[in-house]
Amino acid sequence: MSLHLERADFAIIADWIKPGSSVLDLGCGDGTLMAYLQKQKQTRGYGIEIDDDDITASIKNGINVIHMDLNEGLSEFDEDSFDYVILSLTLQAMQSPELLLKEMMRVGTEGIVTFPNFGNWKSRLQLALGGRMPVTRSLPNTWYNTPNIHLCTIKDFEDLCESLGFRIIEQRAVDHVHKSARGLKLFPNLLGQIALYRFKRA
Amino acid sequence: MPDVIPADSVGIVTPEIAHFDQPLSLTSGGVIDAYDLIYETYGELNQDKSNAVLVCHALSSNHHVAGYHSMEDSKPGWWENMVGPGKPIDTNRFFVVACNNLGGCYGSTGPASINPATGKPFGPDFPIVTVRDWVESQARLSDQLGIDTWAAVVGGSLGGMQAIQWSIDYPERLRHAVVIAAAPKLTAQNIAFNEVARQAIRTDPNFHDGRYYDFNTEPDRGLRIARMLGHITYLSDEAMREKFGRDLRDEKIDFDFDVEFQVESYLRYQADSFIGKFDANTYLLITKVLDYFDPAENFGGNLTRAMARARASFLVVSFTSDWRFAPSRSREIVKSIHDNDLNVSYAEIKASQGHDAFLMKIPHYLDVVAAYMDRAAKEVGI
């Protein structure tokens, strides 16, 4: 498979993963990330997906994919089954992000979460000045048809991690081309479009 | 009957018979001294014998998986949707083998076969066999065919149970197990249905304690009821509603006990087409095979421990409306596999057809199996 990853947040995630580790990818889509990790980092593990076409695509991509509804939790997996549990751009579409984050930290040693940052200045501007729910490149849906039912900002997410007793190991904020410019490091919640976190139990 | 054989069919096929002289010791403690297995093959075994796929059959089916026995056949084999040139189990790439299981009534040794000790049909003297015994007999067939390792062992329902048992009993002899619409063991409800079927047969006045062959009769009435009951459990409530609703065969209600509703007509048709071609003792036997299946039994009831011996990669498939072996049962299987860090993919297919869905042409289902089998093929370089 190609070494080029369409979604550059994947490249950052891949950098965080130690070779030979076990990975559970929640909402694995067509299996691109898992296939990349398997090849480049010799990882093993499973992708979880609910969409029919993505399940077929994941099988074609040569990964283990398990049909499961993340809203039902991860009760099928035992404690500490994986080195990493990944949730990329899926948190905001979950019925209960808090429960899922707890589940991630139950079955995995480390969690990796990426989400669209609602605190980005474009969103703020659209709501503050335009008076309408923001529609941006990273959040392209209108309020009435969006799967993204639990939007949060970088600050919100960090507050939640603290209240759940998670210790943040690493964090990044990137713009729509997934570059992490200097300004982004100074003002992640204002300039970041996608936020990436790696954390563990405190 | 086909006017012409469709291009994606294996075409006209002829079964073969393998004979085994080495006694087979059974789980029950019994022994079968010698036996035949009737089988069919499709496609060609490659030079390094790495492209063989074993298809295991369910309760009432047999070795005739695909193709036609003659141009007069009204229907092709039972898994024509799955097996053939360019189909998910692609006979252009794979060498497919399927046998009628031991105890069957389609040409393999079973209760209706002649017992050499008495010169009469075995009848009730045919020993109870189990899925383990079947796997053992299939392994011997593999030996005879020169197949050391199956590229995949595939089956639906009771066939899927055989694939699971293969992965435990002969971990090094299969690369993949495809387990469709199966369960790790039967529930009390499943066993209850089987028992009603058995009672229908065993209380038929023509049953004669299973020695009906000697009386030139068959317990047709019991077998018909057993088959009708079976068919109710193979369909979903939804499928029955879609297919029959409360439609009447004639326009009006007659206020009698003849066939009035279409669903009655369907069940009677299924029953009629079953008798005469299926042996009642085999039906009894195979419902017992189902009841006894429990690979976790020798591992303290722990399926994860049972699966610890497995080395294969798995594809597990279930169907949303299957209440005989519901998706939750497949997920038990999936858990026992990933608990052991083995490769497993699992697809739950949206389907209204109930348990029978595994035989149907459902695009997502066939796509999933095709994608998986393509991987299995590439792995062995075909």
Side-chain angles (χ1 to χ4, degrees), chain A residues 1 20-35 37-39 42-86 103 106-109, chain B residues 88 152 175-181 184 302-305 307-308 312-320 322 326-351 362-379:
Chain A
M1 71 162 275
S21 48
S22 60
V23 175
L24 183 67
D25 185 6
L26 307 177
C28 67
D30 65 6
T32 301
L33 176 62
M34 284 297 275
L37 292 175
Q38 254 168 237
K39 196 172 158 100
Q42 295 75 49
T43 60
R44 60 204 151 74
Y46 310 91
I48 306 291
E49 188 45 65
I50 196 166
D51 179 80
D52 286 353
D53 292 338
D54 278 337
I55 287 169
T56 311
S58 286
I59 292 173
K60 281 188 183 153
N61 263 328
I63 73 153
N64 293 315
V65 60
I66 296 176
H67 183 132
M68 202 187 287
D69 183 357
L70 292 177
N71 287 316
E72 289 170 10
L74 303 173
S75 58
E76 203 164 282
F77 296 96
D78 296 338
E79 286 80 55
D80 293 315
S81 298
F82 300 94
D83 297 323
Y84 301 95
V85 183
I86 301 172
E103 278 287 85
R106 181 182 64 81
V107 304
T109 309
Chain B
R175 301 178 69 94
H176 293 271
V178 179
V179 180
I180 302 169
N302 186 326
L303 189 63
T304 295
R305 278 180 53 208
M307 294 304 287
S313 296
F314 291 80
L315 172 67
V316 180
V317 179
S318 72
F319 300 92
T320 49
D322 184 353
S328 57
R329 310 307 313 283
S330 281
R331 284 173 64 162
E332 290 173 44
I333 300 168
V334 172
K335 176 169 169 46
S336 73
I337 302 167
H338 69 59
D339 277 351
N340 283 297
D341 291 334
L342 293 165
N343 290 321
V344 57
S345 284
Y346 169 61
E348 190 179 303
I349 312 291
K350 291 177 202 78
I362 299 168
H364 176 47
Y365 164 44
L366 296 180
D367 284 351
V368 161
V369 178
Y372 192 83
M373 291 306 292
D374 180 58
R375 256 165 70 174
K378 283 179 179 148
E379 239 181 65

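The basis for the numbers below is simple: all heavy atoms, side chains too, and nothing from hydrogens, waters or symmetry mates. The sequence lines fix the lettering, A, B, ..., with proteins before strands; numbering per chain opens at 1.
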If I measure from the heavy atoms of chain B, does A:Ile59 come under 4.5 Å with its side chain, its backbone, both, or neither? both
With ring centroids as reference points, do B:Tyr372 and B:His176 lie under 6.0 angstrom apart? yes
Contact winner vs chain B - A:Lys60, A:Glu49, A:Glu76, heavy-atom pairs under 4.5 Å: A:Glu76
Quick one: are A:Arg106 and A:Leu74 in side-chain contact, heavy atoms under 4.5 Å? yes
With the side chain counted from C-beta on, respond yes when A:Ile50 and A:Met68 share a heavy-atom pair under 4.5 Å apart, and no when they do not. no
Measure the acute angle between the ring planes of A:His67 and B:Tyr346, then classify it against the limits of 30° and 60° as parallel, tilted or perpendicular. perpendicular
Region of A:Thr56 that comes under 4.5 Å of a non-hydrogen atom in chain B: both
Among the listed options B:Arg375, B:Lys350, B:Lys335, B:Lys378, the residue most often paired with chain A at heavy-atom distances under 4.5 Å: B:Arg375
Given side chains that start at C-beta, do those of B:Asn340 and B:Thr304 come closer than 4.5 Å, heavy atoms only? yes
Mind ranking B:Val316, B:Asp374, B:Asp341, B:Leu315 by heavy-atom pairs under 4.5 Å with chain A and telling me who comes out on top? B:Asp341
Per-residue tally against chain A (heavy atom, under 4.5 Å) across B:Pro327, B:Ser313, B:Ala371, B:Ser318 peaks at B:Ala371
